[in-house]
Amino acid sequence: MAHLFLVKDIAFQAGLSTATVDRVLNGRPGVRRQTEMRVKAAIAELEKQQPGATGSGRMLAIDIVMETPQRFSDAVRAAFEAEMATFLPGIFRCRFHFAEVMKPAELVQLLDRIRLRGTHGIVLKAPDVAEVAAAVARADAAGIPVVTLVTDLPNSARIAYAGADNRAAGETAAYLIGEFLGAGGGKVLVTLSSGRFRGEEEREIGFRRVIRARYPEIGITEISEGHGTDAATGTLAAAALAADPAINAVYSIGGGNRAVLAAFDAAKRPVRVFVAHDLDADNRALLAARRIGFVLHHDLKTDARSAFRAIMSRATALPRAVTPSLSSVEIVTPYNMPAAD
């Protein structure tokens with residue numbers, strides 16, 4: 001397996017021992033296929049990050065851990081990779097740990113493994129549950145700073161939150177849908193990936209507050225636990241449509257938008273207005289095709305920059321910790337959609 005990196009660097013990137021990496025690189029027997037794939041993925045990550053790793057400053061290796069659909073993790077990966085080069089000579093190297101669905105116990109096991117192996121910081125998108133907060137506390141006690149990304153763990157030992165004001169985003173969605181539907185009213189299908197994520201809960205709270213206060217003629221039906229995946233979210237949406245003929249709008253907090261639209265198509269039902277989150281590849285295509293009307297977007301590169309700065313402030317022992325400011329929420333339509341990076 002050709003490569004230009006030290007065995008210890010590949011092992012650190014892959015989260016494996018140097019002995020295991022050496023066995024893989026030299027084609028020795030007794031190596032599982034999954035382990036071989038982890039080594040190949042680690043080399044690929046190092047190759048992508050190599051162009052920015054030529055400075056003479058301190059190298060800070062951090063771990064980005066996320067339970068999220070792939071379409072969003074792809075966008076986050078691109079944002080962090082784009083921002084790494086801007087921090088020379090204090091160079092960051094990122095290791096990505098993404099899964100569309102993780103049980104809390106699996107997530108905690110991963111966080112503890114990272115803590116025991118060693119890291120300069122963790123960027124975390126995770127459900128707000130007690131066992132995850134306890135794992136964050138163990139990392140903090142070990143001197144490892146944790147920054148939450150796009151969804152917060154405010155009662156944990158995390159040092160900062162990088163993301164948007166989720167409650168304000170939900171209020172903005174309510175305003176767009178309420179003004180669009182007008183006095184005729186209707187019912188909004190609100191989709192969450194899971195009620196375990198505080199960020200999604202805050203969006204929903206903001207949305208319900210404004211609808212209740214300003215647009216009382218509009219009803220709300222909620223679906224949850226589709227985890228943002230198309231199959232599960234589509235099934236939940238189809239069941240909601242079959243049960244309620246009044247649904248004529250969508251506020252997608254948790255994603256799975258192609259599947260939600262397919263459920264409306266299968267039921268031969270129109271969508272008067274559709275508000276989604278995040279300018280990922282799926283939403284770009286749906287927005288360009290006029291299948292959705294608005295995307296509430298915040299710049300993930302700004303979030304990556306905030307996370308890097310917060311971790312760097314801890315790693316370099318700056319006299320005052322860096323507190324990231326919240327990302328601004330932008331309303332994107334088919335007419336002002338920024339070019340893809």
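Heavy atoms from other residues, nucleotides or ligands lying under 6.0 Å from CD of Glu179 number more than 12. Under a cut-off of 6.0 angstrom, the local environment of OH in Tyr175 is sparse, with at most 12 non-hydrogen atoms contributed by other residues, nucleotides or ligands. Within 6.0 Å of atom CZ in Arg269, more than 12 heavy atoms from other residues, nucleotides or ligands are found, so the atom counts as buried in its surroundings.
Sequence neighbours left out, the pairs with a member in residues 248-261 that pass salt bridge (charged side-chain N to carboxylate O under 4.0 Å, His left out) are Arg258-Asp282. Evaluation of the salt bridge (charged side-chain N to carboxylate O under 4.0 Å, His left out) test over residues 159-169, restricted to residues two or more places apart or in two chains, returns none.
For Val101, the side chain to side chain contact (heavy atoms under 4.5 Å, CB included) partners at least two apart in sequence or on another chain are Glu67, His227. Contacts of Arg117 classified as side chain to side chain donor-acceptor pair (under 3.5 Å), with partners at least two apart in sequence or in another chain: Asp63. For Ser224, the side chain to side chain contact (heavy atoms under 4.5 Å, CB included) partners at least two apart in sequence or on another chain are Leu192, Glu222. For Thr302, the side chain to side chain donor-acceptor pair (under 3.5 Å) test picks out Asp299, with sequence neighbours left out. Listed by chain and residue number, Ser194 satisfy the side chain to side chain donor-acceptor pair (under 3.5 Å) test with Glu225 (two or more places apart in sequence, or in another chain). Every residue two or more places apart in sequence or in another chain that forms a side chain to side chain contact (heavy atoms under 4.5 Å, CB included) with Ala237 is listed here: Leu189, Ile223, Val260, Ala263. Partners of Thr333 by side chain to side chain contact (heavy atoms under 4.5 Å, CB included), not counting sequence neighbours, listed by chain and number: Phe294, Tyr335, Asn336. Applying the side chain to side chain donor-acceptor pair (under 3.5 Å) rule to Arg28 yields the partners Asp22; only residues at least two apart in sequence or on another chain are considered. With sequence neighbours excluded, the residues satisfying ring-ring contact (aromatic ring centres under 6.0 Å, His included) with His277 are Tyr251.
Two residues are said to be in side-chain contact when any heavy atoms from C-beta on lie closer than 4.5 Å; Tyr215 and Leu181 fail this criterion. Between Val123 and Val65, every side-chain heavy-atom pair lies at or beyond the 4.5 Å cut-off. Within the 4.5 Å cutoff, the side chain of Ile220 has heavy atoms near those of the Phe207 side chain. Using a 4.5 Å cut-off on side-chain heavy atoms (C-beta onward), Pro338 and Val332 make contact. For the pair Arg95 and Thr119, the minimum side-chain heavy-atom distance is below 4.5 Å. Side chains of Leu279 and Arg284 form a contact here, defined as non-hydrogen atoms less than 4.5 Å apart. Side chains of Leu176 and Leu296 form a contact here, defined as non-hydrogen atoms less than 4.5 Å apart. Contact check for Glu202 versus Asp152: no side-chain heavy atoms found under the 4.5 Å cut-off.
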Pair Thr148-Arg198, side chain to side chain contact (heavy atoms under 4.5 Å, CB included): steps then yes or no: CA-CA 11 Å; Thr148 51; Arg198 180 172 287 264; over 6 Å; no

Chi angles and distances behind the side chain to side chain contact (heavy atoms under 4.5 Å, CB included) call for Leu124, Leu111: CA-CA 9 Å; Leu124 178 63; Leu111 291 172; 4.1 Å; yes

Worked verdict on Asp265 versus Arg291 for salt bridge (Lys or Arg N to Asp or Glu O under 4.0 Å): CA-CA 11 Å; Asp265 291 343; Arg291 297 301 313 275; 3.2 Å; yes

Intermediate values then yes/no, side chain to side chain contact (heavy atoms under 4.5 Å, CB included), Leu300 and Val150: CA-CA 9 Å; Leu300 290 171; Val150 305; 4.2 Å; yes

Side chain to side chain contact (heavy atoms under 4.5 Å, CB included) between Val250 and Phe264, worked out: CA-CA 10 Å; Val250 177; Phe264 274 88; 3.5 Å; yes

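Under 4.0 Å is where a charged nitrogen must lie from a carboxylate oxygen, and between Arg203 and Glu200 no such pair does. Salt bridge Asp278/Arg71: absent, no basic N to carboxylate O contact under 4.0 Å.
Relative to the six-membered ring of Phe197, Lys125 meets both conditions, a distance below 6.0 Å and an angle of at most 45° to the axis.
Taking CD1 from Ile292 and CG from Leu261, the interatomic distance works out to 7.5 Å, rounded to the nearest 0.5 Å.
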In a table with atom names and distances, give each donor-acceptor pair under 3.5 Å that connects a side chain of residues 132-142 to protein atoms at least two apart or in another chain.
{"from": "Arg138", "atom 1": "NE", "to": "Asp112", "atom 2": "OD1", "distance (Å)": "3.1"}
{"from": "Arg138", "atom 1": "NH2", "to": "Asp112", "atom 2": "OD1", "distance (Å)": "3.3"}
{"from": "Arg138", "atom 1": "NH2", "to": "Asp112", "atom 2": "OD2", "distance (Å)": "3.0"}

